[in-house]
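Given the structure is predicted, the values throughout are model-derived calculations rather than measurements.
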Amino acid sequence: MAYETIEVRIEADKVGVITLNRPKQLNALNDQLMNELGEMLKTFDADEKIGCIIITGSEKAFAAGADIGAMAKYSFADAYKGDYITRNWETIRSIRKPVIAAVSGFALGGGCELAMMCDFIIAADNAKFGQPEIKLGVIPGAGGTQRLPRAVGKSKAMDMALTARMMDAVEAERSGLVSRVVALDKLMEEALGAALIIANFSQITVMAAKESVNRAFESSLSDGVMFERRLFHSLFATQDQKEGMDAFVNKRAANFTHQ
Ligand code: CO8
């Protein structure tokens with residue numbers, strides 16, 4: 001498939017890498033890019049060989065936000081009737097395999113929101129996160145006011161949404177927004193390393209773990225714990241559970257078949 005706003009490759013036959021590719025606009029996210037990204041995410045999700053997906057950008061920008069030029073002339077009717085955001089930003093939420101955001105440079109506005117829609121964020125030491133929409137007379141529209149407080153707490157989320165200040169990588173890790181920070185030249189190595197570890201586990205188990213962690217944000221503790229227990233019990237019906245435990249007991253490496 002020929003894409004104009006993303007680049008796509010497969011690493012080690014099992015990790016799908018999607019690079020946002022509008023360098024002149026600092027990867028500003030327009031309709032075409034979000035459509036292409038959504039299409040490719042669904043393609044990788046449906047590919048049996050792929051066990052994990054990475055979304056990354058350029059050294060200077062993961063993504064500097066939604067495309068302001070494309071948005072500038074929108075009326076309320078355009079945005080509302082056109083289902084702006086929902087129509088192509090939420091595909092990522094339906095992806096069942098893990099998606100890692102490998103972030104260097106700016107992750108602002110919709111760029112920060114896209115990173116937060118991924119399952120976890122690995123940041124380069126030059127990463128900068130922010131929700132500067134308030135400067136443009138709007139507020140975050142792709143989950144920023146909801147996911148940011150869940151990640152960093154109310155005080156920092158309010159600070160960022162109301163003052164438009166950026167958070168550097170050190171603060172982002174300290175606050176729980178990102179899981180790891182590495183040197184810029186080690187970013188892809190680190191993200192690929194994590195993705196390969198995940199891709200070598202049982203796909204069924206990996207998807208169940210992702211589903212269960214995500215449930216924590218949608219339910220009470222007791223409902224979430226019950227949801228987790230049902231999934232845990234169900235994994236005893238898989239061949240991969242038999243393989244994983246047999247391999248441990250017999251001191252050998254497990255060979256998961258994703259069944
Ligand atoms: N949209 C469109 N073009 C952009 C964007 C953007 N978000 N960000 C940067 N660009 C363009 C610039 O216009 C410039 O283009 P040109 O060379 O033609 O003038 C080029 O990228 C390079 O940018 P700068 O010259 O500004 O580079 P600097 O290094 O000086 O500054 C910054 C980098 C600080 C990132 C700066 O570009 C900036 O502040 N960008 C805007 C950041 C921003 O406000 N983001 C939020 C956008 S609103 C949003 O995301 C709402 C999300 C709602 C949900 C999604 C709905 C679809």
Side-chain angles (χ1 to χ4, degrees), residues 14-18 29 34 37-48 50-56 62-63 85-103 107 110-123 129 131 140-154 156-157 172-173 175-180 191 194-238 240-241 244 256 258:
K14 48 182 91 169
V15 176
V17 181
I18 302 173
L29 305 164
M34 294 314 292
L37 176 64
E39 210 175 286
M40 204 54 231
L41 284 169
K42 283 194 281 190
T43 302
F44 278 147
D45 208 32
D47 185 338
E48 277 282 314
I50 299 296
C52 192
I53 302 164
I54 296 172
I55 301 178
T56 193
F62 176 74
I85 299 175
T86 313
R87 70 176 176 235
N88 51 17
W89 279 67
E90 302 210 327
T91 309
I92 189 167
R93 293 180 57 197
S94 68
I95 301 304
R96 299 180 71 205
K97 292 174 183 167
V99 183
I100 301 172
V103 173
C112 186
E113 291 172 305
L114 175 62
M116 289 192 289
M117 285 182 204
C118 297
D119 296 309
F120 62 98
I121 302 172
I122 299 180
F129 299 87
Q131 298 290 166
T145 64
Q146 305 304 301
R147 290 194 180 91
L148 193 59
R150 282 168 168 80
V152 305
K154 175 182 167 185
K156 268 189 196 293
E173 186 184 29
S175 314
L177 179 59
V178 312
S179 68
R180 322 176 185 184
L196 270 175
I197 288 173
I198 292 166
N200 284 323
F201 289 134
S202 158
Q203 274 181 20
I204 297 174
T205 317
V206 162
M207 290 194 299
K210 167 169 171 162
E211 197 178 356
S212 199
V213 172
N214 278 333
R215 191 72 174 201
F217 297 98
E218 308 286 351
S219 58
S220 68
L221 180 60
S222 53
D223 284 350
V225 166
M226 187 51 73
F227 181 86
E228 176 196 79
R229 192 146 315 150
R230 291 289 171 260
L231 269 180
F232 174 77
H233 289 159
S234 70
L235 290 172
F236 285 83
T238 65
D240 284 342
Q241 173 269 327
F256 294 115
H258 315 302

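Minimum interatomic distance between G51 and A199 (heavy atoms only, all atoms of both residues): CA-CB, 3.9 Å. Taking every heavy atom of both residues into account, A115 and I121 meet most closely at O-CG1, 3.5 Å. Considering all non-hydrogen atoms of both residues, R180 and A194 come closest at NH2-CB, 3.8 Å. Of all non-hydrogen atoms in F217 and R150, the two that sit nearest each other are CD2-CD, 3.8 Å. Across G111 and F62, no two heavy atoms sit closer than the pair O-CE2, 3.4 Å. In plain terms, the two heavy atoms of C52 and A195 that are nearest each other are CB-O, 3.6 Å.
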One pair to check against side-chain contact (heavy atoms from CB on, under 4.5 Å): K14 and N200. What are the steps and the verdict?
CA-CA 8 Å; K14 48 182 91 169; N200 284 323; 2.6 Å; yes
Please walk me through it: do M34 and T91 pass side-chain contact (heavy atoms from CB on, under 4.5 Å)?
CA-CA 9 Å; M34 294 314 292; T91 309; over 6 Å; no
Apply side-chain contact (heavy atoms from CB on, under 4.5 Å) to E113 and R147, showing your working.
CA-CA 8 Å; E113 291 172 305; R147 290 194 180 91; 5.9 Å; no
Step-by-step side-chain contact (heavy atoms from CB on, under 4.5 Å) determination, M40 to T43:
CA-CA 5 Å; M40 204 54 231; T43 302; 3.9 Å; yes
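For the side chain to side chain contact (heavy atoms under 4.5 Å, CB included) criterion with C118, the lone passing option out of I55, I95, V103 is I55.
Note: M116 CE to I92 CD1 = 11.5 Å, rounded to the nearest 0.5 Å. A distance of 6.5 Å separates CG of L148 from CG of L177, quoted to the nearest 0.5 Å. Put simply, CE on M207 and CG on L231 are 11.0 Å apart, with the number rounded to the nearest 0.5 Å. To the nearest 0.5 Å, the span separating CE on M226 from OG on S220 amounts to 10.5 Å. Note that the NZ atom of K210 and the CD1 atom of I198 stand 10.0 Å from one another [nearest 0.5 Å].
At a threshold of 4.5 Å between non-hydrogen side-chain atoms, the residues D223 and R215 do not count as touching. No side-chain heavy atom of F44 sits under 4.5 Å from any side-chain heavy atom of V99. Contact of the N214 side chain with the D119 side chain is registered, since non-hydrogen atoms from C-beta on lie closer than 4.5 Å. Using a 4.5 Å cut-off on side-chain heavy atoms (C-beta onward), R96 and D45 make contact. With a 4.5 Å cut-off on side-chain heavy atoms, F120 and I100 count as touching. No side-chain heavy atom of D240 sits less than 4.5 Å from a side-chain heavy atom of L235. At a threshold of 4.5 Å between non-hydrogen side-chain atoms, the residues L29 and W89 count as touching.
Checked by atom type and distance alone, the side chain of Q203 pairs as donor or acceptor with a backbone atom of E48 at under 3.5 Å. No donor-acceptor distance shorter than 3.5 angstrom exists from the side chain of Q241 to the backbone of S234, with no hydrogens or angles considered. K156 contributes no side-chain N or O that, together with a main-chain N or O of S175, makes up a donor-acceptor pair within less than 3.5 Å.
With a 6.0 Å radius and a threshold of 12 heavy atoms from other residues, nucleotides or ligands, F227 has its CZ atom above the threshold.
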